[in-house]
Trainee: 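Mind looking over this structure? Questions follow.
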Protein chains: 2
Amino acid sequence: MVTIRDVAQASGVHVSTVSRTFSAPHLVSAETRNRVLAVAEGLGYRPNRAARALTTGRTHNLGLIVADIANPFFPPLIKAAQAQARERDYHVFVADTDENPLMEQELIETLCKQVDGVLLCSPRLSNRVIERLRAQVPFAVVNRRVKGLPTVLMDVGQGVRAAVEHLADLGHRRIALLSGPSGSWTSEEMHATATDAAAEAGVELTVLRPNEPTEQGGLAAAAAVAGSGMTGVLCHNDLVALGLIEGLRERGLSVPGDLSVIGVDDSLPGRLNRPKLTTITMPTAAAGRMAVDLLLAAVNAGDAATAALARLETTLIVRESTGPAAPSALPARLPASPAVR
Amino acid sequence: MVTIRDVAQASGVHVSTVSRTFSAPHLVSAETRNRVLAVAEGLGYRPNRAARALTTGRTHNLGLIVADIANPFFPPLIKAAQAQARERDYHVFVADTDENPLMEQELIETLCKQVDGVLLCSPRLSNRVIERLRAQVPFAVVNRRVKGLPTVLMDVGQGVRAAVEHLADLGHRRIALLSGPSGSWTSEEMHATATDAAAEAGVELTVLRPNEPTEQGGLAAAAAVAGSGMTGVLCHNDLVALGLIEGLRERGLSVPGDLSVIGVDDSLPGRLNRPKLTTITMPTAAAGRMAVDLLLAAVNAGDAATAALARLETTLIVRESTGPAAPSALPARLPASPAVR
DNA sequence: GTGAAAGCGCTAACAG
DNA sequence: CTGTTAGCGCTTTCAC
């Protein structure tokens, strides 16, 4: 391994001069700098960032923790975060918690010594634990509110509101919300906004929960939805929506003919599905970039940190999985006179 | 930050004893060990892996480099690799090259000082460059043959052979291969095997290349496929297949009615698509786990390394996107008497 | 079984 | 502008 010392020797200067050529070039005469650079290049020298971290206290590494890498919601976020970090000369550790809060905590604790900050994406950990852990390492969070922490929220409420209104406009009077895992801010937010919006639109909302945030969860929920008299379903994410559509189909129900289904994420599988899924966009790539920037700002600010909060817009994209409520699907036990908005 | 020194002081022993309690517990009396452990626990001490790396030369970190995190082929592999690494007490840096060989090289060079080994998944770099770089850091590769390197191959040839025979059995006589990016071993392997299998099955094979390994690539290829007289298409991956099906549909052609389409990967979008995609499984999770183990073995063996090569099976999964060749689609210019197998 | 001391590769005052 | 020195947190001989 070629070290700073080899370069110093080969170029006839002291190690500190070599160090300076890399970490504070303006403090070195152009002549020496060029010579050192040339020698370093020739020897194939690369600074050892771990050693540097020991003296500077900065690792130039970030941790990125997600619940499930294979959930199509995350890859675009990971990709963007990682690209943005690299732009800022940071490398990123990516870790998957398997939706397990304990693993999440363990991960944070082992990672924290090796990174300057940790990005928590849709964490499953309680706020209480997060607040305790923040003494160890700076955090930024995506899709979770923790006071005092740099936060990026994808304002799913906007999309949910539009989705409920969209269903109401199509004549749906009884709608369901297939909720996500507990501990998920997005899930709570969807619940709250959907409840509000349903009341305003004068439609009846049933919340079915909790469901795994996967196609399996959606598939399993089909039993509860079919024959319930509900004709519009808002799902925790696209995967759940796709699973639900499949489960409905197995029961001889068609989408959007018999029921309308809406997902969340605007993920690849949803875009490629037939019928194309009506869904709520989640600006995951933007969130990844922004979260990295907020995190880095907090890292560099140190104590002077003023926790920023970014709210990213979400919008409803109407495609093919929603349509007019089928009269035939209207239940006999329809409330006497639902307020039409 | 609580260091080994704080623990030493608080428990009335020397730092080296604390060090030993963590890295060689058997060299410490049970009594002192327990006391040190208790104190460390109380203080919330966690060893600093970067500092440890400086003396041991082992970072306990791995690098994982992929062409595109958002390509659904990779997330299951990343997830599995990362989980397996953690099992072995390793953390992993994940980096995306955006399909850019130069970025891949740059990444390897900046990462190499911080990791004990690098996992190259479907690299876009030439073998020549990889062989030069291996002096810097141990490698393992997935889906690429580099002699002397621990390798995991997903034997796509098996699946391709089965796919071509499947199309031939269904009566297809002119088939196309929508090839992937150059530099991709998988793509070359598919090409070679498909050519062989087509000759044996007595069908005519046309290779269309190169295509972006995305739905866009497939969509764009639809123009060349439609009206060409080819009735069966084997695509570089599921995404291309899905894009192609979409492009065909836009031209009024149905799958599997007018043409049969086969993908590769058995990815989520393919499974959820209608028609369900006939595809070739790629054991990505198994490959991720195995590659990590081979890499770690190479890292630990040092010079004594004997490069292992693992070949993982792939199989054809027949679903709904393939069917009998439509007589109407048979071209007038059919070769006089194609050998029927 | 435990302490002492050297050193991993690098940076950061401080002199000159 | 460049050299000297000390030290980051930890492991690892080598003594005792």
Side-chain angles (χ1 to χ4, degrees), chain A residues 1-37 39-40 43-61 89 91 109-116 136-137, chain B residues 1-37 39-40 43-61 89 91 109-116 136-137:
Chain A
M1 177 186 281
V2 32
T3 81
I4 205 176
R5 223 174 315 262
D6 301 322
V7 178
Q9 201 147 29
S11 46
V13 297
H14 196 111
V15 288
S16 50
T17 304
V18 179
S19 171
R20 274 189 285 259
T21 22
F22 286 95
S23 37
H26 59 282
L27 293 180
V28 177
S29 76
E31 193 197 0
T32 356
R33 194 190 323 143
N34 290 144
R35 182 154 39 92
V36 171
L37 251 22
V39 170
L43 261 43
Y45 168 76
R46 288 270 175 175
N48 181 327
R49 311 181 86 173
R52 179 179 289 177
L54 210 47
T55 48
T56 61
R58 288 301 175 78
T59 61
H60 265 244
N61 291 151
D89 196 26
H91 290 311
E109 291 180 339
T110 62
L111 226 37
C112 69
K113 283 312 211 331
Q114 275 193 102
V115 300
D116 295 338
Q136 319 254 351
V137 60
Chain B
M1 178 186 280
V2 32
T3 80
I4 205 175
R5 219 169 324 255
D6 302 321
V7 179
Q9 201 146 29
S11 47
V13 295
H14 198 241
V15 289
S16 49
T17 304
V18 178
S19 172
R20 274 187 285 257
T21 8
F22 286 96
S23 40
H26 60 281
L27 293 180
V28 177
S29 77
E31 193 198 359
T32 6
R33 193 194 319 144
N34 289 143
R35 182 154 39 93
V36 171
L37 252 20
V39 171
L43 262 44
Y45 168 76
R46 288 269 175 177
N48 182 326
R49 311 181 89 173
R52 180 180 288 177
L54 209 48
T55 50
T56 60
R58 289 300 176 77
T59 63
H60 266 247
N61 291 151
D89 197 25
H91 290 312
E109 291 180 341
T110 63
L111 226 35
C112 70
K113 284 308 210 339
Q114 274 194 101
V115 300
D116 295 339
Q136 318 253 354
V137 60

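Proteins come first, then strands; the chains are lettered A, B, ... in the order of their sequence lines, and each starts at number 1.
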Trainee: For DNA chain C, whose closest nucleotide is more 5', that of B:Arg20 or that of B:Lys113?
Mentor: B:Arg20

Trainee: Do side-chain atoms of A:Arg35 reach the backbone of A:Ser11 as a donor and acceptor pair under 3.5 angstrom?
Mentor: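 Yes, A:Arg35 side chain to A:Ser11 backbone: donor-acceptor pair under 3.5 Å.
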
Trainee: Tell me whether the side-chain N/O atoms of A:Ser19 come closer than 4.0 Å to OP1 or OP2 in C:dA12.
Mentor: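 Checking A:Ser19 against C:dA12: no side-chain N or O falls below 4.0 Å of OP1 or OP2.
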
Trainee: Report the end-to-end axis angle of the helix from C:dG1-D:dC16 to C:dG16-D:dC1; each axis comes from five terminal pairs, and the value is rounded to 10°.
Mentor: 30°

Trainee: Quick one: which of C:dT11, D:dT2, C:dA4 gets closest to the side chain of B:His14?
Mentor: C:dA4

Trainee: Could you tell me whether A:Val18 contacts a base, only the sugar-phosphate backbone, or nothing, with contacts defined as non-hydrogen atoms closer than 4.0 Å?
Mentor: nothing

Trainee: What parts of residues 24-31 of chain A reach DNA chain D, counting only heavy atoms under 4.0 Å away?
Mentor: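 Under 4.0 Å from DNA chain D: A:Leu27, A:Val28, A:Ser29.
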
Trainee: On DNA chain C, does the nearest nucleotide to B:Arg33 precede the nearest nucleotide to A:Tyr45 from the 5' side, or the other way round? Give the residue.
Mentor: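 Result of the comparison: B:Arg33.
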
Trainee: Return the value, rounded to whole Å, for the distance between atom CZ of B:Arg52 and atom C1' of D:dT11.
Mentor: 9 Å

Trainee: Spell out yes or no: do the side chain of B:Arg46 and the base of D:dG9 have one donor N/O and one acceptor N/O closer than 3.5 Å?
Mentor: no

Trainee: Under 4.5 Å between any side-chain heavy atoms of A:Thr3 and A:Asn48, yes or no?
Mentor: no

Trainee: Is there a side-chain polar atom (N or O) of A:Ser16 under 4.0 Å from OP1 or OP2 of D:dT2?
Mentor: no

Trainee: Would you tabulate the pairs of protein nitrogen or oxygen atoms and nucleotide nitrogen or oxygen atoms of nucleotides 6-8 of chain C closer than 3.5 angstrom?
Mentor:
from: C:dC8; atom 1: O2; to: B:Thr55; atom 2: N; distance (Å): 3.4

Trainee: Base of D:dG9, side chain of B:Arg49 - is there a donor-acceptor contact under 3.5 Å?
Mentor: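 Answer is no: no donor-acceptor pair is held.
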
